[in-house]
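Single-structure report; data block below.
Predicted model, so just to flag it, every value in this text is computed and none were measured. Just follow the structure's listing: the first ligand is 1, and inside any ligand the first atom is 1.
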Amino acid sequence: MTQIKIFDTTLRDGEQSPGVNLNQLEKLELAKQLERLGVDILEAGFPASSKGDFEAVKKIAETVRNVSVTGLARAVKSDIDACRDALKDAADPRVHIFIATSPIHMKYKLKKTPEEVIETAVEMVKYGKQFFDHVEWSAEDASRSDLNFLAEIIEKVIDAGATVINLPDTVGYTMPREYGAMFKYMKEHVPNIDRVDLSCHCHNDLGMALANSFAAIENGATQVEGAINGIGERAGNASLEEFAVALQIRNDYYPYKTNIVLNEIKRTSDLVSKFTGMSVPGNKAVVGRNAFAHESGIHQDGVLKHAETYEIITPELVGVHSNNLVLGKHSGRHAFVDKIKQLGYELSEDKVQEAFKAFKELTDHKKEVTDDDIFAILTDIQTDTSNVRRYQLEKFVVHYNSNEQPTATITLLTPIGETVQKTADGAGSVEALYNTLDQIFIEETHLTDFQLNSIGQGRDALAEVHVSLTVDGDTVSGRGSAQDVLEAAVQAYINGVNRSIYRMKVK
Ligand code: KIV
Ligand code: ZN
């Protein structure tokens, strides 16, 4: 069995998804979950792009120990220096240097000749090698590059010290047979190619990202790059959970294995969608809500008689448990602390106390508290930014009558410690609440998107709201979860404004 390394770029390419902006605490929680998932390499960000990204990469590098952490760098010294500084305390650091190799990118974007591109690539790989044992070099837009030129530059960067060569399908343009042929060509024409791992990185513009990744490993790639839930630039990256599960299910066909802990997939997917606000479509392979639902009578009958008639993946394989009722109203602190450990969380004593209080409050409203509910409480507490001054909800009232305009009254504690109460109306209850909040905020706030989901199933499932906002021109997302839909909506709006304030503070 050939080992395929999994390179996760949820926090870098994934974070480049339109409308997504994760803060440092969220990135750290995701990094810890990706470590539990068993990815081999974690691309934590692009340290030279902003102070916030630098700090997030640094914090992740200091925290996770069982995964190699990398940062992205353009082929310029200052970007590589930023990676060196951000990754200095990583257990197993690596730098990821990229430069474009396609004619269109070299001519119009880089304004360099092919010879200049080779010179820069070689020089920067040598520079990176002074600080890193592992240097990944990417030929941006490789799939639209000239194969002879690609072979020439690859041979030179390997001689300069690169240990991984990545050939991205940057614009998601290639078809599987073509993409596979590029890997085969490099295997056959680059004399020193066996000294490195060959890596694929596929975008999904034509829906080929996963098929292209398989074509690459069929032709010699030993590393696959992608993102959880397939998020990323434009149509996204190859979906890592789909890749890992497909390899597992078709191990009769493919002699490859990965280190992915399959039953951590669902939780990782949920966390990514919660933090990014990008909900997973119901019919998405492996992690979609309907992935294991059988609707037609013929299918249901077949599954009841013998599950494998229509079910090729069991929900349990990816960590979906139909009956994960865990704790209830009468569960004590001891059982709760055990559950926190079981879920892989390490919390300070204060935070355990806070989480236990939130759990008890939840059991007042919800009979069945599941692992998912507890996980939601823990992630909210771990990513809470309350050490920064912020708006806090004290109470709200909504008057709704189907024949009149709804009105809302909200009492809020402001960042300067004042208690303010306002009233406003709107065409619907949520609009009335948001109009009221707008009267209290000193920040100029506009709502650009609103999404409502449920966490778990049943009438008493928690409501989760994601909003996209502009706050004083800053694009930001916010989320809130609560038993009540209106409360989740209010919390999400306040959370978005607080996240913007937090971002300004740590920028
Ligand atoms: O898609 C791409 O080409 C990239 C590179 C920076 C690796 O994300
Ligand atoms: Zn990419």
Side-chain angles (χ1 to χ4, degrees), residues 5-18 20 39-50 53 57 68-76 79-80 82-83 94-106 108-110 117 120-121 124-125 128 134-145 149-150 153-154 157 162-174 178-179 182-183 186 196-210 212-213 216 221 223-240 243 272 276 278:
K5 293 182 183 141
I6 297 293
F7 178 117
D8 178 276
T9 184
T10 308
L11 297 177
R12 198 276 299 167
D13 221 329
E15 221 243 349
Q16 286 170 222
S17 307
V20 170
V39 304
D40 300 286
I41 299 123
L42 192 164
E43 188 162 52
F46 185 178
S49 67
S50 69
D53 227 30
V57 174
S68 175
V69 181
T70 190
L72 184 68
R74 286 165 299 187
V76 292
D79 279 24
I80 298 170
C83 285
R94 64 180 63 203
V95 66
H96 177 191
I97 304 170
F98 76 99
I99 191 165
T101 53
S102 64
I104 186 168
H105 276 235
M106 291 191 289
Y108 295 104
K109 187 182 80 171
L110 298 177
V117 168
T120 310
M124 288 305 111
V125 167
H134 303 292
V135 176
E136 170 164 333
W137 178 78
S138 282
E140 190 189 15
D141 207 15
S143 52
R144 292 193 297 169
S145 303
F149 174 65
L150 209 48
I153 190 168
I154 290 174
V157 294
T163 51
V164 181
I165 299 293
N166 181 36
L167 302 179
D169 183 25
T170 303
V171 291
Y173 175 78
T174 321
E178 272 177 300
Y179 193 59
M182 175 173 68
F183 283 81
M186 298 311 146
V196 297
D197 269 314
L198 256 185
S199 174
C200 61
H201 176 117
C202 300
H203 282 268
N204 209 25
D205 299 65
L206 296 176
M208 297 292 155
L210 193 67
N212 280 343
S213 306
Q223 176 174 296
V224 171
E225 305 195 357
I228 298 299
N229 296 345
I231 64 170
E233 282 275 353
R234 307 177 310 278
N237 286 69
S239 186
L240 285 182
F243 179 80
V272 169
T276 58
M278 295 182 74

Mind telling me whether Y179 and F183 have parallel, tilted or perpendicular rings, with 30° and 60° as the class edges?
perpendicular
Can you find a non-hydrogen atom of R12 under 4.0 Å from ligand 1?
yes
Within reach of ligand 1, part of D13 (heavy-atom separation under 4.0 Å):
side chain
H96 heavy atoms, cut-off 4.0 Å: which ligand 1 atoms fall inside?
7 (C)
Quick one: look up the protein heavy atom nearest atom 3 (O) of ligand 1 and list residue, atom name and how far away it is.
T170 OG1, 2.6 Å
Regarding D169 and S143, is there a side-chain donor-to-acceptor distance under 3.5 Å anywhere?
yes
Which heavy-atom pair separates N229 from S239 by the least distance, and what is that distance?
C-OG, 4.0 Å
Any E233 heavy atom less than 4.0 Å to ligand 1
no
Say whether, by atom type as modelled, one donor and one acceptor occur between the side chain of S199 and the main chain of N166 under 3.5 angstrom.
no
Could you check whether any side-chain N or O of S145 sits under 3.5 Å from a backbone N or O of S102, counting only pairs where one atom can act as donor and the other as acceptor?
yes
Between K109 and E140, is the closest basic N to carboxylate O distance under 4.0 Å?
yes
Would you tell me whether D13 and H201 have side-chain atoms, one donor and one acceptor, within less than 3.5 Å of each other?
yes
Confirm or rule out an N/O/S atom of D13, from backbone or side chain, lying less than 2.8 Å from the Zn ion (ligand 2).
yes
To 10°, measure the NE2(H201)-the Zn ion (ligand 2)-NE2(H203) angle for me.
100°
Quick check on contacts: which atoms of ligand 1 are under 4.0 angstrom from a heavy atom of E140?
3 (O)
Proximity to ligand 1 by part of H203, non-hydrogen separation under 4.0 Å
side chain
For ligand 1, is any non-hydrogen atom under 4.0 Å from H201's backbone (N, CA, C, O), its side chain (CB onward), both, or neither?
side chain
